[in-house]
J.: 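Pasting a structure here, questions to come.
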Amino acid sequence: MTTDSQPIDVPARRAWGPRIGRIAFLVLAAIIVIAVAAAFFVTWTIQRSFPQTAGTVTLDGLASEVTVQRDDRGIPTITADSTDDLFFAEGFVHAQDRFFEMDFRRHVTSGRVAEMFGESQAGTDAFLRTLGWRKVAEAEVAAMDEKTLSYYEAYADGVNAYLASRSGAELSLEYAVIGMQNPDYTPEPWEPADSVAWLKAMAWDLRGNVEDESERALLAAELDAGPTADPAVATSTILEKLYPDYPFDENPVIVPKISTVPTLDTDAEAAFTTVPEQDGDIQLATTTLDWEETSSVVEAASILVGDVGEGIGSNSWVVSGSLTETGMPLLANDPHLGASLPSVWYQVQLKCSTVNEACPFDVGGFSFSGLPGIVIGHNQTVAWGFTNLTTDVTDLYVERIEGDQYWRDGALVPLEESTETIKVAGGDDIELTIRSTVHGPIISGLTDDFTAIADEPLPGLAAGGAEPGPTTEESDDEYAVSLRWTALDPGTAATAIFALSTAQDFEDFRYAASLFDVPAQNLIYADTEGNIGYQTPGRLPIRGAGDGWLPQPGWDSSYDWTGFIPFEELPVSYNPSSGYIVTANNAIVTDDYDYFLSRDWDYGYRAARIDHLIERRAAVSPLTAQDMRDIQMDNEMWIGKQLASALGDVDVSGKGPKEAVELLRTWDAQNAASSAGAAYANVLWSNLVQNIFAQRDQPLPISHQGRLFAVVSEMLDTPADPLWTNDKIDVDGMEQMLALSAEQAYDELSGLQGDVVARWNWGSLHAITLTSDTLGSSGIAPVEALFNRGPFPVSGGASVVNATGWELGESYATTTVPSMRMVVDLADFDASTWNHLTGASGHAYHEHYIDQTADWAAGVQKPWAFSAKAVDAATVDTLVLSPKG
């Protein structure tokens, strides 16, 4: 056969074969060498920031040697001869494990995130500068007593001693990544105000009802603009329906009967009796710059601080020895916060080698990195826990602005104004103009929600108080929204931490509570004498004409706060006859209490369930620490039981939906990770809520599932309720609404997990992905992979005791969590058990980065040695910090 192609030299072809092989081998070898070198470089870069945990480190600033003993989870026990050395060492150890987290937090609280991450964060900085947390923290530091100030200064010295020994990527992997974009960034020395400011961030995370208040205001404006014969009546009716009162006849209050206790021998009450004078340097206000806004006030700061999402709250309870197996109290606590990596908590023990008046600390528990001391835990005598008080400590005021003045009681008064500079990595500085009124920061103009309230003040607002001032055709008036919030006044919570750590009895505990003003928390108590107790602390406002449920007229001083509830008149319980105290963000007292506290409580389903489980178990046998841990992991979905019952007589179409409804009818109502019934119940709930409220011509808010539990439960008992009818989705009545939602839920879940209903599971649908608060959401996949972990299947759900919250209408993924769990056994502190979301270390790839996550998801808590003998036995690494010279 002939061809136009050239003849092939077969021997030559054979000769090329080995040559190509050799070239391929050399290329492959080069790739391997490069990959190995890159892996080595990455490994070296990662590991160079890991802390030294054994041996001796010599440091300037110490008076005597300090011992740091770490157990197999990397949790440190620090022992020192003096408080200066003790808090110096805590600062050093926090910086070893978590300095990048600390550095990031202080930039958040001072509104300087753009200095690290560039112009994308300038809008958030503007909002945080508006709130002025850093300035409030500086004022608190300036007002500290000498002893407390020495603790903060010693802590800062310890942090700075660590900074003096390392820089850049030696401090944390994140600095290596940041250095690619921002090579000039260098961490500044630590200051006491950096520590104190984080308490303001936590107050923001637990701020109460400002979102509900703005949500109601916007809804009221929309309803009043709608086609109805009587707008005022319609608005009032729908608001009361969507935001029902606390069900006092169904769910418990924390303090059914206020105890009589001795009056404290302290002047702490003075801090709670009058409203502080407003300081223009502290009460900051809004920027006039027009940069990119976030879609809501929550997004503006919560991107970096913590989202007040579904599940924010907490559980805590304490059981007296009369109900326990040991005859001594048990105290349980699991605060619910936004999920974060690393965990918001840092576990540590602080021990004076000789406990005396000069060095009084022998305490262990959970701290915040960046903050000296212990926030929740126990000392050698007393244990304590926190849950969010849920009282209303934020109010919105609509202000009438005219130029650089605003109206007050018929007269114009000047606005406070100041300017600041936002520095931007890789960009130009931004000059920020800041304004405030007597109430606080003007926050409209920063977020869509507050701006909308200012643009369309509530109808009848002026009629609720004095007229805002004369109006003429020539006047250039505008409305604005200001924020009155207790956290924007200097307080004493930074001092209360140490008073709690050294309390020896209930009187000491109450004194510490009198100092714990912001964030307002339910405080529970137990001691080794067998006593249990509860105290409401906090700076809780006394209001004038309004109750803060909706924005109020700022031009009428009768709506101002008139003072704060005196501490001695706040609810207290000591050794109640029931033998236990439960707090779960439910109402504190009944409505006959002398002062208004809030209308925005959690609706008490968690509290009622915990009450029930304690009583049920105690009726069978004395309670144990394991009973407390089991209760913390209870997954009963109360509304799921209601839905299963309601679907009993509802006819659904299709073989698959019928199987799904039958699955629901046999479900145990537990949101276990492996449960197919739980998966269907939650997807059904999501579809039902959106069909009733969101899929309407005029959507209604679906922001809080606990509130919607109450609303929908009432509707299930009222088939004629008009909300069951929705013309937009062609539904007429309750049965049609339930049937449509059940069918949609099957379609959605079968699309996600297949059409075999028995193979469905809640855990993977509700999984949590641990996301770094900074680079974990950078949008750059390889960078995110360095820092993020998961997903991890989890159980629980919204308004469930095991409160793993998720966002209705967005995703079933877990967003808020029991951030830690502890059960303190007053009979044996060494037998007390602990766990938190991630691990001790903030260093990606460190063995303690997420070594507690699997246990957290499974509800496993481990003992933590407290006595000297037990600590010695549990020690894996010992680091000695030694003074120079």
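The figures that follow rest on heavy atoms only: side chains count, while hydrogens, waters and symmetry mates do not.
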J.: Do Met820 and Gln347 make a side-chain contact, defined as non-hydrogen atoms from C-beta onward lying under 4.5 Å apart?
T.: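 Side chain of Met820 against side chain of Gln347, heavy atoms only: no contact under 4.5 Å found.
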
J.: Using ring centroids (six-membered ring only for Trp), state whether Tyr151 and Phe88 fall under 6.0 Å.
T.: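 Phe88 vs Tyr151: aromatic centres not under 6.0 Å.
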
J.: Measuring from atom OG1 of Thr536 to atom CG of Leu523, what distance do you get when rounded to the nearest 0.5 angstrom?
T.: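 Those atoms lie 8.5 Å apart.
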
J.: Quick check: do Asn522 and Ile254 have side-chain heavy atoms less than 4.5 Å from each other?
T.: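 Yes. Closest side-chain heavy atoms under 4.5 Å.
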
J.: Applying side-chain hydrogen bond (donor to acceptor under 3.5 Å, both in side chains), run through Asp103 and Tyr175 and close with a yes or a no.
T.: CA-CA 11 Å; Asp103 194 20; Tyr175 291 113; 2.7 Å; yes

J.: Check ring-ring contact (aromatic ring centres under 6.0 Å, His included) between Tyr152 and all other residues, then give those that pass, not counting sequence neighbours.
T.: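 For Tyr152 the ring-ring contact (aromatic ring centres under 6.0 Å, His included) partners, ignoring immediate neighbours, are Phe498.
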
J.: Can you tell me if Asp71 uses its side chain to pair, donor with acceptor, with the backbone of Ala874 under 3.5 Å?
T.: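 No; zero donor-acceptor contacts below 3.5 Å.
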
J.: Return yes if some donor-acceptor pair links the side-chain N/O of Ser82 with the main-chain N/O of Asp85 below 3.5 Å, else return no.
T.: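 It does hold such a pair.
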
J.: With a 4.5 Å heavy-atom cut-off, do Leu163 and Arg166 have their side chains touching?
T.: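 Answer no - side chains too far apart.
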
J.: Can you name the nearest heavy-atom pair linking Trp561 to Val393, along with the distance?
T.: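 Nearest heavy atoms, Trp561 then Val393: CH2-O, 3.5 Å.
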
J.: Donor-acceptor check, side chain of Arg539 to backbone of Thr486, threshold 3.5 angstrom: yes or no?
T.: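 Answer holds: yes.
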
J.: Compare all side-chain heavy atoms of Ser367 with those of Glu90 and state whether any distance is below 4.5 angstrom.
T.: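 Of all side-chain heavy-atom pairs linking Glu90 with Ser367, at least one is under 4.5 Å.
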
J.: Please, which pairs that meet side chain to side chain donor-acceptor pair (under 3.5 Å) have at least one residue in residues 876-885, sequence neighbours excluded?
T.: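 Counting only pairs at least two positions apart or across chains, the side chain to side chain donor-acceptor pair (under 3.5 Å) contacts touching residues 876-885 are Thr53-Asp877.
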
J.: Distance-only, no hydrogens or angles: does the Arg510 side chain make a donor-acceptor pair with backbone N or O of Pro262 under 3.5 Å?
T.: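 Looks like yes, one N/O pair under 3.5 Å.
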
J.: Any heavy-atom pair between the side chains of Val57 and Phe92 that's under 4.5 Å?
T.: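 Result yes, sub-4.5 Å side-chain heavy-atom pair found.
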
J.: To the nearest 0.5 angstrom, please state how far the CZ atom of Phe361 sits from the OG1 atom of Thr79.
T.: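 The distance works out to 14.0 Å.
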
J.: Pair Asp334, Asn315 - check side-chain hydrogen bond (donor to acceptor under 3.5 Å, both in side chains), show working.
T.: CA-CA 5 Å; Asp334 55 287; Asn315 302 322; 3.1 Å; yes

J.: Is it the case that the side chain of Tyr155 and the backbone of Gly370 share a donor-acceptor pair, with hydrogens and angles ignored and the cut-off at 3.5 Å?
T.: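 Yes, because the side chain of Tyr155 sits within donor-acceptor range (under 3.5 Å) of the backbone of Gly370.
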
J.: Quick check: do Leu128 and Val108 have side-chain heavy atoms less than 4.5 Å from each other?
T.: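 Side chain of Leu128 against side chain of Val108, heavy atoms only: contact under 4.5 Å found.
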
J.: Looking only at atom types and distance, does a side-chain atom of His843 sit under 3.5 Å from a main-chain N or O of Gln96, one as donor and one as acceptor?
T.: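 Flag set: sc His843 to bb Gln96 pair under 3.5 Å.
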
J.: Mind listing the side-chain donor-acceptor pairs of residues 830-838 below 3.5 Å, one per line with the distance, residues two or more places apart or on another chain?
T.:
unit_1, atom_1, unit_2, atom_2, d
Asp830, OD1, Phe866, N, 2.6
Asp830, OD1, Ser867, N, 2.8
Asp830, OD2, Ser867, OG, 2.7
Ser832, OG, Asp825, N, 2.9
Ser832, OG, Phe829, O, 3.2
Thr833, OG1, Arg629, NH1, 2.9
Thr833, OG1, Gln861, OE1, 3.0
Trp834, NE1, Ser832, O, 3.4
Asn835, ND2, Gln852, O, 3.4
His836, ND1, Ser343, OG, 3.0
His836, NE2, Gln852, NE2, 3.4
Thr838, OG1, Ser343, N, 2.8

J.: Starting at CD of Glu138, measure out to CG of Asp194 and round the result to the nearest 0.5 Å.
T.: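 Output value for this atom pair is 9.0 Å.
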
J.: With a 4.5 Å limit on heavy-atom distance, are the side chains of Thr354 and Asp81 in contact?
T.: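 In short, these two side chains do not touch, never coming nearer than 4.5 Å.
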
J.: Give the C-alpha distance, both sets of side-chain angles, the deciding distance and a yes or no for ring-ring contact (aromatic ring centres under 6.0 Å, His included) between Phe386 and Phe516.
T.: CA-CA 11 Å; Phe386 288 0; Phe516 207 99; 5.0 Å; yes

J.: Is the shortest distance from a Lys or Arg side-chain nitrogen in Lys423 or Asp125 to a carboxylate oxygen in the other one below 4.0 Å?
T.: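 Salt bridge absent between Lys423 and Asp125.
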
J.: Just to verify, what does Phe117 make a ring-ring contact (aromatic ring centres under 6.0 Å, His included) with, not counting sequence neighbours?
T.: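 So Phe117 forms no ring-ring contact (aromatic ring centres under 6.0 Å, His included) with any residue.
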
J.: Quick one: CH2 on Trp856 to CG on Asp851, what's the gap to the nearest 0.5 Å?
T.: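 Here the rounded value is 15.0 Å.
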
J.: Heavy-atom distance under 4.5 Å between the side chains of Phe104 and Ser772, does that happen here?
T.: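 With C-beta onward as the side chain, the pair stays apart.
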
J.: Can you name the closest pair of heavy atoms from Ile374 and Val348 and give their distance?
T.: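 That would be CD1-O, 3.4 Å.
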
J.: Could you pull out all residues at least two apart from Asp97 that satisfy salt bridge (Lys or Arg N to Asp or Glu O under 4.0 Å)?
T.: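 Per chain and number, Asp97 pairs via salt bridge (Lys or Arg N to Asp or Glu O under 4.0 Å) with Arg70.
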
J.: Exactly one of Thr387, Asn333, Asn388 should register a side chain to side chain donor-acceptor pair (under 3.5 Å) with Thr583. Which one does?
T.: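 One option only clears the test, and that one is Thr387.
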
J.: Let's go through Phe506 and Tyr574 carefully: what are the C-alpha distance in whole Å and the side-chain angles of both, what is the deciding distance for ring-ring contact (aromatic ring centres under 6.0 Å, His included) to 0.1 Å, and is it a yes or a no?
T.: CA-CA 8 Å; Phe506 194 58; Tyr574 188 58; 4.4 Å; yes

J.: Scan the side chains in residues 59-69 for donor-acceptor partners under 3.5 Å anywhere in the protein, sequence neighbours excluded, and list what turns up.
T.:
unit_1, atom_1, unit_2, atom_2, d
Gln69, NE2, Asp872, OD1, 2.9
Gln69, NE2, Thr875, OG1, 3.1

J.: Using ring centroids (six-membered ring only for Trp), state whether Tyr346 and His94 fall under 6.0 Å.
T.: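 Yes.
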
J.: Apply side-chain hydrogen bond (donor to acceptor under 3.5 Å, both in side chains) to the pair Ser49 and Glu170, showing each step before the final yes or no.
T.: CA-CA 4 Å; Ser49 66; Glu170 295 172 331; over 6 Å; no

J.: With respect to Lys135, which candidate in Glu420, Lys200, Arg129 satisfies the side chain to side chain contact (heavy atoms under 4.5 Å, CB included) definition?
T.: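 So, applying the side chain to side chain contact (heavy atoms under 4.5 Å, CB included) to Lys135 and each of Glu420, Lys200, Arg129, only Glu420 qualifies.
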
J.: Is atom CD of Gln52 surrounded by more than 12 heavy atoms (other residues, nucleotides or ligands) closer than 6.0 Å?
T.: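 Atom CD in Gln52 is packed in, count exceeds 12.
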
J.: If every non-hydrogen atom of Glu115 is compared with every non-hydrogen atom of Tyr185, which pair is closest and at what distance?
T.: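 Scanning both residues completely, I find the closest heavy atoms to be O-CD1, 4.1 Å.
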
J.: For the residue pair Arg105 and Ser369, what are the closest heavy atoms and their distance?
T.: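 Minimum heavy-atom separation between Arg105 and Ser369: NH1-O, 2.9 Å.
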
J.: Hey, mind stepping through Phe368 and Trp345 against ring-ring contact (aromatic ring centres under 6.0 Å, His included) and telling me if it holds?
T.: CA-CA 5 Å; Phe368 297 131; Trp345 298 107; 4.7 Å; yes

J.: Between Gly538 and Ala520, what is the shortest heavy-atom contact and its length?
T.: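 In terms of heavy atoms, the two residues are closest at CA-CB, 4.1 Å.
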
J.: Given the side-chain rings of Tyr162 and Phe99, with only the six-membered ring counted for Trp, is the space between their centroids under 6.0 Å?
T.: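 Not under 6.0 Å, so no.
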
J.: In terms of the angle between their ring planes, are His848 and His846 parallel, tilted or perpendicular, with boundaries placed at 30° and 60°?
T.: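 If you compare the ring of His848 with that of His846, the planes turn out tilted.
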
J.: Distance check, rounded to the nearest 0.5 Å: Asn379 atom CG versus Gln349 atom CD?
T.: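 The CD atom of Gln349 is 11.5 Å from CG of Asn379, to the nearest 0.5 Å.
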
J.: Starting at OG of Ser172, measure out to CZ of Phe100 and round the result to the nearest 0.5 Å.
T.: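 So the gap between those two atoms works out to 6.5 Å.
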
J.: For the pair Trp133 and Trp485, name the ring-plane relationship: parallel under 30°, tilted 30 to 60°, perpendicular over 60°.
T.: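 Answer is perpendicular, since the angle exceeds 60°.
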
J.: Which heavy atom of Trp384 sits nearest to which heavy atom of Leu500, and what is that distance?
T.: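 Smallest heavy-atom distance, with atoms named: CZ3-O, 3.6 Å.
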
